[in-house]
Amino acid sequence: MSDNLKPAVLILGAPGSGKGTQGAVLGQIPRFYHYASGDVFRRLDTRTDLGREFVEYSKKGELVPDIFTVKLWKSHMDDIISSREYKPDIDILVLDGIPRNLGQTKMLEKHVKIIQVFHLSCPDRSELARRMRKRALKEQRLDDASETVIQHRIQTYEEATKPILDYYSSSLRHDIDASQTPAKVLCDILIKLQSLEAYQQIAGEATE
Ligand code: ADP
């Protein structure tokens, strides 16, 4: 990449659409690094100020303020760059759960260059809620356990996150039916990914 912006693909979708499942698989592929904003928040020590803030917002199904969210992202990036876990000149970031509104989108623009947006589309909101209830049992997530919080998160997605889709040019955006099996969703993502010039360039350089 010629500029100093980190190449990134963005997985965008409502809670329960499968962002985390897909992001985790992509993160296993050489030259990809998966950043899941919610996971990084959940790993915070809840005795710290930010850890406590996170619990307060997430249990109500609300977004953590942008300033904290982007600061946490930046500090995680700085850590993985210094540990060489992630190499900004040759790795592609897989952003999952961030940016989540237009404010964060603009803040991240100073650091990343979005080369593709994958929109995991699931118009059937009851299917999303069903997946979250199932996840609540498996992962003990407070914010998946309450019906009111689930509905509030879906609403927040509609109001704050979905407008990001129109911010990017339609040529950057690829809509995928998130109600398909996880394997089929992954297949659709991979077909698109491997056709990207930026990916071919990075993958090609890595094998030279
Ligand atoms: P989901 O996509 O299922 O809602 P996440 O694990 O991505 O779950 O996020 C869980 C919670 O973490 C969110 O409801 C929110 O409180 C907080 N969070 C995660 N990412 C962000 C973000 N980019 N901005 C603000 N809050 C966030």
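All values reported here derive from a predicted model rather than from experimental measurement. For reference, positions follow the sequence shown, starting with 1. Order of appearance sets the numbers: ligands from 1, and atoms from 1 within every ligand.
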- prompt: Atoms of ligand 1 less than 4.0 Å from L63 heavy atoms?
  reply: 25 (C), 26 (N)
field: N or O pair under 3.5 Å between Q104 and ligand 1
entry: yes
- request: Could you tell me whether some N/O pair between V64 and ligand 1 is separated by less than 3.5 angstrom?
  value: yes
message: Do H174 and Q116 have side chains that approach each other closer than 4.5 Å (heavy atoms only, starting at C-beta)?
response: yes
- request: Pick whichever of R100, H152, K60, M132 has a heavy atom sitting closest to atom 1 (P) of ligand 1.
  value: R100
task: For D143, counting its heavy atoms only, list the atoms of ligand 1 lying under 4.0 Å from any of them.
output: 10 (C)
query: At what distance is the nearest protein heavy atom to atom 27 (C) of ligand 1, and which residue and atom is it?
result: F41 CE1, 3.7 Å
message: What I want to find out is whether D188 reaches K192 closely enough, with some N-O distance under 4.0 Å, to be called a salt bridge.
response: no
N or O pair under 3.5 Å between Y57 and ligand 1: no
- request: For E62, take its heavy atoms, then give the atoms of ligand 1 lying under 4.0 Å from any of them.
  value: 15 (C), 16 (O)
- line: Under 4.0 Å between heavy atoms, the region of K59 that gets near ligand 1 turns out to be neither
query: Are K87 and D89 close enough for a salt bridge, meaning some N to O gap below 4.0 Å?
result: no
Which atom of K19 lies closest to which atom of I11, heavy atoms considered: CD-O, 3.6 Å
Salt-bridge criterion met for R131 and D144 (N-O under 4.0 Å): no
task: Any atoms of ligand 1 less than 4.0 Å from a non-hydrogen atom of R42? List them with their elements.
output: 6 (O), 10 (C)
- request: Please check if the side chain of T46 supplies one atom and the backbone of G51 the other of a donor-acceptor pair under 3.5 Å.
  value: no
query: Within a radius of less than 6.0 Å around CD1 of I67, do more than 12 heavy atoms belonging to other residues, nucleotides or ligands occur?
result: no
Nearest heavy atoms of E159 and P163, plus distance in Å: O-CG, 3.3 Å
Proximal atoms of ligand 1 relative to K19 (non-hydrogen, under 4.0 Å): 2 (O)
query: Taking 4.0 angstrom as the limit, do E127 and R130 come out as a salt bridge?
result: yes
- prompt: If you count the atoms of ligand 1 from 1 in the order shown, which ones are under 4.0 Å from a heavy atom of S37?
  reply: 19 (C), 20 (N), 21 (C), 22 (C), 23 (N)
query: Which residue supplies the protein heavy atom nearest to atom 23 (N) of ligand 1, what is that atom called, and how far is it?
result: G97 O, 2.8 Å
query: Which residue owns the protein heavy atom closest to atom 8 (O) of ligand 1, what's the atom, and how far is it?
result: R141 NH2, 3.1 Å
- prompt: Do the rings of F54 and F41 sit parallel, tilted or perpendicular, given the 30° and 60° boundaries?
  reply: parallel
query: Is the closest basic N to carboxylate O distance between R125 and E158 below 4.0 Å?
result: yes
message: Within the 4.0 Å heavy-atom shell around R135, which atoms of ligand 1 are there?
response: 3 (O)
- request: Flag G61 as yes when one of its N or O atoms lies below 3.5 Å from any N or O atom of ligand 1, and as no otherwise.
  value: no
field: Which segment of D144 sits under 4.0 Å of ligand 1 when only heavy atoms are counted
entry: neither
Numbered atoms of ligand 1 (with element) below 4.0 Å of I98, judged on heavy atoms: 23 (N)
- request: Might you confirm whether atom CD of E197 has over 12 heavy atoms from other residues, nucleotides or ligands at distances under 6.0 Å?
  value: no
- prompt: When you measure from atom 12 (O) of ligand 1 to every protein heavy atom, which one gives the shortest distance, and what is it?
  reply: F54 CE1, 3.3 Å
